[in-house]
Amino acid sequence: AGSGAAVPSGRPPVEAGAQAASRPKPEVTGGERVEAPLPGTVVAVRVRPGQEVRKGEVLVVLEAMKMENEVVAPRGGIVRDVPVEKGDTVSLGDVLVTLE
């Protein structure tokens with residue numbers, strides 16, 4: 001830690017209007033949280049609760065800066081919760097999927 005580099009407080013700068021479109025997500029306890037690796041818009045949700053997934057399987061597709069980014073399962077498991085849906089705006093670190 002102490003590398004001297006300035007580290008933001010965990011939240012990226014919010015562009016005008018972006019904050020109003022994002023809503024707080026419920027806190028999920030237990031399981032493994034798969035979080036948004038960057039801010040963007042959910043363009044596809046490829047899984048549903050109860051579904052079994054394999055490591056590397058696409059869970060959610062985010063659009064950021066005109067590019068689609070696939071968010072994949074870090075491990076195999078069962079999808080417990082999907083608190084986002086197509087069209088949602090997410091911030092860095094928002095929970096997209098919880099795996100059991």
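The basis for the numbers below is simple: all heavy atoms, side chains too, and nothing from hydrogens, waters or symmetry mates. All figures in this text were calculated on a predicted structure; none of them were measured in a lab.
At a threshold of 4.5 Å between non-hydrogen side-chain atoms, the residues R46 and L59 do not count as touching. Residues P49 and V82 form a side-chain contact, since some pair of their non-hydrogen atoms from C-beta on lies under 4.5 Å apart. Under the 4.5 Å side-chain criterion, counting only non-hydrogen atoms from C-beta, V84 is not in contact with D94.
Residues V45 and K86 approach most closely at CG2-N, 4.0 Å, considering heavy atoms. Counting all heavy atoms, side chain and backbone alike, S91 lies closest to A36 at O-CB, 3.5 Å. Nearest heavy atoms, V53 versus A73: CG2-CB, 4.2 Å. Closest of all the heavy-atom pairs between L96 and P83 is O-CD, 3.3 Å. For the residue pair E32 and R75, the shortest heavy atom distance occurs at OE1-NE, 2.5 Å. When all heavy atoms of P39 and A64 are compared, the closest pair comes out as O-CB, 3.4 Å.
In this structure, CZ on R33 lies 11.5 Å from CZ on R80, to the nearest 0.5 angstrom. With rounding to the nearest 0.5 angstrom, the CG atom of L99 is 12.5 Å from the NZ atom of K55. Expressed to the nearest 0.5 Å, how far OG1 of T89 lies from CG of L62 amounts to 10.5 Å.
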Exercise for the section: Show the numbers, then the answer: is there a side chain to side chain contact (heavy atoms under 4.5 Å, CB included) between V34 and V95? Expected result: CA-CA 6 Å; V34 180; V95 177; over 6 Å; no
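In this structure, the side chain of N69 engages the main chain of M67 through a donor-acceptor pair within 3.5 Å.
Clustering ILVMFWY residues whenever any of their side-chain heavy atoms sit less than 4.5 angstrom apart, transitively, puts V60 in a cluster other than the one holding V43. Connection of V71 to V61 is not established within any shared hydrophobic cluster, with ILVMFWY side chains joined at heavy-atom distances below 4.5 Å, either directly or through further cluster members.
In this structure, Q51 places its CD atom where more than 12 heavy-atom neighbours from other residues, nucleotides or ligands lie under 6.0 Å away.
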